[in-house]
Participant: 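A single structure is presented below for examination.
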Amino acid sequence: MAMTMIKTKTIQVLLAAYNGAEFLNEQINSVLLNFDKLSGFDCQLLISDDKSSDDTSSILSDYSEKDSRVRFLDGNRKGGVKDNFNFLIMAATADYIFFCDQDDLWLPNKISIFISKFNEVETSDLPILLHSDLCVSDKNLSPINVSMFAYQKINKDPTFSDLIVSNSVTGCVMAINKSLLTIVQGCNVSKSIMHDWYIALIASAFGKIHFIPSALILYRQHGNNQVGAKSFSIKDGLNKNIFEKSLKSLTSTKKQAEIFLADFDIDISDSHRCALESYIGSFNKSFFNRLHLFITGRVRKYGYTRNIMFLLMYVFFCGKKIR
């Protein structure tokens, strides 16, 4: 009687590095500790350095020589954090893919909690995205707020229409399965605003997004953060420079929607296509058209403060320059 070999499932953590020498050891060690606490999986940490000028490259080389689970793939210039992660995405092959910043610290049971959730919600080849809460911490990892979702009033359960306008999936606490990875690798994620946002759109359109209501990393805030946990007020939004930057970001969401529609036009549902086309078309239509989309909730952000600013930018100032 022939024995059936059970294939060991694989996990890859993607870490995009750039001038991260100050905190890199702590983060890598926290990921490896997660590997140590997980049995029955083949785990790898894939790292790409964006041509750092500090000791990042030598730190990564040392880890890769000492631990076979650490693979330092490349140290050449990619062009920024988005392009660095895109390089790693295209190199990924595992059953489960986790995304990792260079300056945080993962709690020891982060991966095992995610894997338990994958086991609970995965069915057949359905694309799945999981993401969790974060504990916002200072430079020394002392907690500032135990829940970034509460701290910033982030939408835990966004719809596809919500994600067209605003992202609420934070890449450093995101993981995806192989079915979703395959779709991502075949599309124009490199042209998106940011990889985590585009992947969330894909997951919402073709699979499921599940939120884990536990803070599973210490999200370190310091002077060199590429993207951090920032508070926001109406007063801030009315600052001319911030307002102009926000208008530019709004235009970028239209461009991203156009890219998504071009990528998946023949595959998405009629309702998702309608949401994309309505949003894209509204930028060239009247004030009244945009106001109608906003009032009916078809184009809206999450939370009172965000919606006041979004009403001003999208409905009143869309396509205009501020003097």
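Just so you know, residue 1 is the first one in the sequence shown, and it goes up from there.
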Participant: Under 4.5 Å between side-chain heavy atoms, chaining through other members, with only Ile, Leu, Val, Met, Phe, Trp and Tyr counted: pull out the rest of the cluster around L107, sorted by chain and number.
Facilitator: L105, L141, L218

Participant: Is the NZ or CZ atom of K78 both under 6.0 Å from the centre of the six-membered ring of F87 and within 45° of that ring's axis?
Facilitator: yes

Participant: Are more than 12 heavy atoms, taken from residues, nucleotides or ligands other than D125, located less than 6.0 Å from that residue's CG atom?
Facilitator: no

Participant: Which pairs, with at least one residue in residues 156-189 and sequence neighbours excluded, count as a ring pair (Phe, Tyr, Trp, His ring centres under 6.0 Å)?
Facilitator: F160-F260, F160-H272

Participant: Mind checking side chain to side chain donor-acceptor pair (under 3.5 Å) for S249 and listing every partner two or more places apart, or none if nothing turns up?
Facilitator: none

Participant: Check each of I183, L129, I97 against I199 using the side-chain contact (heavy atoms from CB on, under 4.5 Å) test, and report the only one that passes.
Facilitator: L129

Participant: Residues two or more places apart in sequence or in another chain: which of them pass side chain to side chain donor-acceptor pair (under 3.5 Å) with E277?
Facilitator: none

Participant: Please work out whether the ring planes of Y314 and F283 are parallel, tilted or perpendicular, with thresholds of 30° and 60°.
Facilitator: perpendicular

Participant: Residues two or more places apart in sequence or in another chain: which of them pass ring-ring contact (aromatic ring centres under 6.0 Å, His included) with H210?
Facilitator: none

Participant: Applying side chain to side chain donor-acceptor pair (under 3.5 Å), can you list everything that pairs with R77, at least two apart in sequence or on another chain?
Facilitator: D50

Participant: With sequence neighbours excluded, tell me which residues meet side chain to side chain donor-acceptor pair (under 3.5 Å) with D42.
Facilitator: none

Participant: With sequence neighbours left out, which residue pairs that include part of residues 139-154 fulfil the salt bridge (Lys or Arg N to Asp or Glu O under 4.0 Å) condition?
Facilitator: E22-K139

Participant: Cut-off 3.5 Å, no hydrogens considered: what does the side-chain donor-acceptor table look like for residues 185-194, sequence neighbours left out?
Facilitator:
{"from": "Q185", "atom 1": "NE2", "to": "I89", "atom 2": "O", "distance (Å)": "2.8"}
{"from": "Q185", "atom 1": "NE2", "to": "A92", "atom 2": "O", "distance (Å)": "2.9"}
{"from": "N188", "atom 1": "ND2", "to": "D263", "atom 2": "OD1", "distance (Å)": "2.9"}
{"from": "S192", "atom 1": "OG", "to": "V189", "atom 2": "O", "distance (Å)": "2.6"}
{"from": "S192", "atom 1": "OG", "to": "M194", "atom 2": "O", "distance (Å)": "3.3"}

Participant: Tell me whether the centres of the aromatic rings in F114 and F98 are closer together than 6.0 Å.
Facilitator: yes

Participant: Do other residues, nucleotides or ligands put more than 12 heavy atoms under 6.0 Å from F287 CZ?
Facilitator: yes

Participant: Which pairs count as side chain to side chain donor-acceptor pair (under 3.5 Å) when at least one residue sits in residues 84-100, sequence neighbours excluded?
Facilitator: K9-Y96, T10-D95, Q12-T93, S48-N84, Y96-E122

Participant: Sort and list the pairs that fulfil side chain to side chain donor-acceptor pair (under 3.5 Å) and have at least one residue in residues 162-173, not counting sequence neighbours.
Facilitator: N155-D162, T159-D162

Participant: Test of understanding: with side chain to side chain contact (heavy atoms under 4.5 Å, CB included), list the residues that count as partners of S112, not counting sequence neighbours.
Facilitator: L38, N109

